[in-house]
Amino acid sequence: EENDQNVLHKDASPVYQTDVNGDTGGSNTIRKGLLPEKKVVYVCSADFLSECDRIAKVPFRASITHAVIEAYGLLSRMSVVPPKPATFEEICHFHSTDYIECLQRLCQDDDPDKYDEEAEEFGLGYDCPADEGVYDSASWAAGGTLTAAEQLVSGQCSVAINWAGGWHHAKRDSAAGFCYINDIVLGILKLRTKYDRVLYVDIDLHHGDGVEDAFCATSKVMTVSFHKYSPGFFPGTGNLSDTGIGKGAGYTVNVPLNEGCQDENFYRVFEKVMDIVKIKFDPEAVVCQCGADGLAGDPMDSFNLTTLSLAKCVQYLLTWNIPLLLLGGGGYHIPNTARCWTHITSVVTGTKLSSDIPEHRYFTLYGPDYDLMISPGNRADTNTPSHIKNVIAQISDRPDLFVCKIHIKQNVSED
Ligand SMILES: CC1(C)CN(C2CCCC2)C(=O)N1c1ccccc1/C=C/C(=O)NO
Ligand SMILES: [Zn+2]
């Protein structure tokens, strides 16, 4: 009977398995006998995509990702909300006005010698060029994250997605790692207007240093980053011993991992650490940066993950049934990144997808298999069982971590 339903639907949308009640999905579908409907907001518009397509290191990644999500018919399972670019004032809720004014000025200047010492001071120059359009694309990406966070705060949805967000290296007064505006910090500050304790999780290949720095001295936001940590690897921070300062001591968690990490080790560590985080921090909302540069085939060539472990991490967070903000991040093999974020979108919307990628505008990028799934490379996972065991033990057994307080609703919410 299940198979009979796997026919190509009249709307010629791709074959995707219907849920047990034979519904083909659609936000007004009353789904019986399944997980309670999680209303999902997907931040997107034509303007948003064309602006985010201009993000230099991931050209057209926004549109390529959106096209697969659309080709699988997933838009009908979500509420699509168009964002506006973040305003100067909104951006300066985190960033210094000096930095943002300098960024705006340099982006409007086409003199190749524009990088003066002020530019250097703000991290703008040859490693983070302030080319024409950089400010616009960064402010649109940030507007997407703010719109997603606002949808969660207003209770319009339980999950909100901005695949063009996730720029985790940007600092209060400097660009870093090709991140110019830290949309994640802005989104977390927005969530903090309603939620007392917000958790940030970062599964990008790189340490989420910009977000950690922003909240390292407060107990209201816990940051947990899983990343490659090895001498000379960017940004070089995020060791186990990096656990927060002052009132934030014990509210920063870092999970350093070695070269070649594969799905099994990655998810094992993720689940063990997050089980502890849930008990000790008891978050009211969670933000997950789903950077895909740890995937096999990424030019970063560091971890050896597939979309299965990253999707399983998101699936795990869904079981907490608290507001969830999902963001993108790194991911330089653009078709694999699109595969990953499509897979995650299908998990969040409770939609089973055929692994045959449907025909669509960028179909040729997925050859020769045209398969949604990716295979791990054959590089060894250098995370030995003892390294994994040690990392988990150090996090779960440390007295200063997650100082376990009984969370009494307090009227003074600021630290
Ligand atoms: C320039 C890019 C961003 C791209 N790239 C590779 C992949 C593709 C071609 C080279 C890098 O190593 N980059 C970087 C260079 C300097 C500092 C940081 C990064 C990446 C940060 C990141 O992804 N954080 O999550
Ligand atoms: Zn990265």
Side-chain angles (χ1 to χ4, degrees), residues 38 40-43 65 78 141 144-149 151-153 157-169 179 182-192 195 197-212 214-215 221-227 238 251-255 263 266-267 269-278 281-295 303 305 307-331 337 340-349:
K38 281 197 180 302
V40 180
V41 155
Y42 175 76
V43 167
T65 301
M78 302 186 280
T145 298
L146 278 173
T147 299
Q151 293 284 312
L152 290 167
V153 165
C157 60
S158 47
V159 183
I161 299 173
N162 175 20
W163 291 131
W167 305 103
H168 57 173
H169 296 307
C179 302
N182 199 312
D183 63 292
I184 308 169
V185 172
L186 297 175
I188 290 170
L189 291 173
K190 175 66 68 179
L191 291 171
R192 280 277 295 124
Y195 304 108
R197 289 182 312 286
V198 177
L199 173 67
Y200 173 65
V201 185
D202 188 312
I203 57 179
D204 188 287
L205 175 69
H206 298 87
H207 175 224
D209 57 344
V211 188
E212 177 183 297
F215 299 110
V221 177
M222 174 172 284
T223 60
V224 185
S225 179
F226 302 80
H227 47 267
Y251 290 84
T252 291
V253 181
N254 280 297
V255 187
D263 285 341
F266 190 83
Y267 185 71
V269 173
F270 180 90
E271 189 179 56
K272 287 270 191 321
V273 170
M274 297 312 289
D275 282 350
I276 305 162
V277 166
K278 174 71 173 150
F281 184 59
D282 184 28
E284 297 173 327
V286 55
V287 178
C288 187
Q289 195 267 22
C290 305
D293 44 4
L295 291 176
F303 280 176
L305 302 173
T307 65
L308 293 175
S309 56
L310 299 184
K312 259 180 99 172
C313 292
V314 173
Q315 179 68 54
Y316 174 96
L317 295 174
L318 280 173
T319 64
W320 289 359
N321 286 314
I322 59 177
L324 173 61
L325 173 57
L326 291 177
L327 303 172
T337 301
C340 182
W341 294 343
T342 299
H343 183 176
I344 292 173
T345 305
S346 74
V347 164
V348 159
T349 55

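The model shown is predicted, which means the values in this text are computed figures rather than measured ones. Basis for what follows: all heavy atoms, side chains included, without hydrogens, waters or symmetry-related copies.
By the 4.5 Å heavy-atom criterion applied to side chains, Y200 and H168 are counted as neighbours. Looking at V273 and F226, their side chains come closer than 4.5 Å, going by heavy atoms from C-beta outward. Between Y195 and P283, the closest side-chain pair of non-hydrogen atoms is not below 4.5 Å.
A donor atom on one side chain and an acceptor atom on the other are not found under 3.5 Å apart for D202 and H227. For the 3.5 Å distance criterion, the side chains of D209 and H169 qualify, holding a donor opposite an acceptor.
When each of L326, V286, V159 is paired with L318, the side-chain contact (heavy atoms from CB on, under 4.5 Å) condition holds for V159 and for no other.
For R197 (side chain) and D282 (main-chain N/O), a donor-acceptor pair under 3.5 Å exists by modelled atom type. Checked by atom type and distance alone, the side chain of W341 never pairs as donor or acceptor with a backbone atom of A292 at under 3.5 Å. Judged by distance alone, with hydrogens and angles left aside, the side-chain atoms of S225 form a donor-acceptor pair with the main-chain N or O of G208 at under 3.5 Å. In this structure, D293 contributes its side chain and L205 its backbone to a donor-acceptor pair below 3.5 Å. A donor-acceptor pair under 3.5 Å links the side-chain atoms of D183 to the main chain of G166, judged by distance alone.
Ring orientation note: the planes of Y316 and W320 are nearly perpendicular, at an angle over 60° on the 30°/60° scale.
A search for salt bridge (charged side-chain N to carboxylate O under 4.0 Å, His left out) contacts involving D204 returns nothing, not counting sequence neighbours.
Minimum interatomic distance between V185 and V211 (heavy atoms only, all atoms of both residues): CG2-CA, 4.1 Å. Shortest non-hydrogen contact noted between L295 and T307 is CD2-N, 3.7 Å. The nearest pair of heavy atoms linking I161 to M78 is CD1-SD, 4.2 Å.
For NZ of K312, the number of neighbouring non-hydrogen atoms (other residues, nucleotides, ligands) closer than 6.0 Å is 12 at most.
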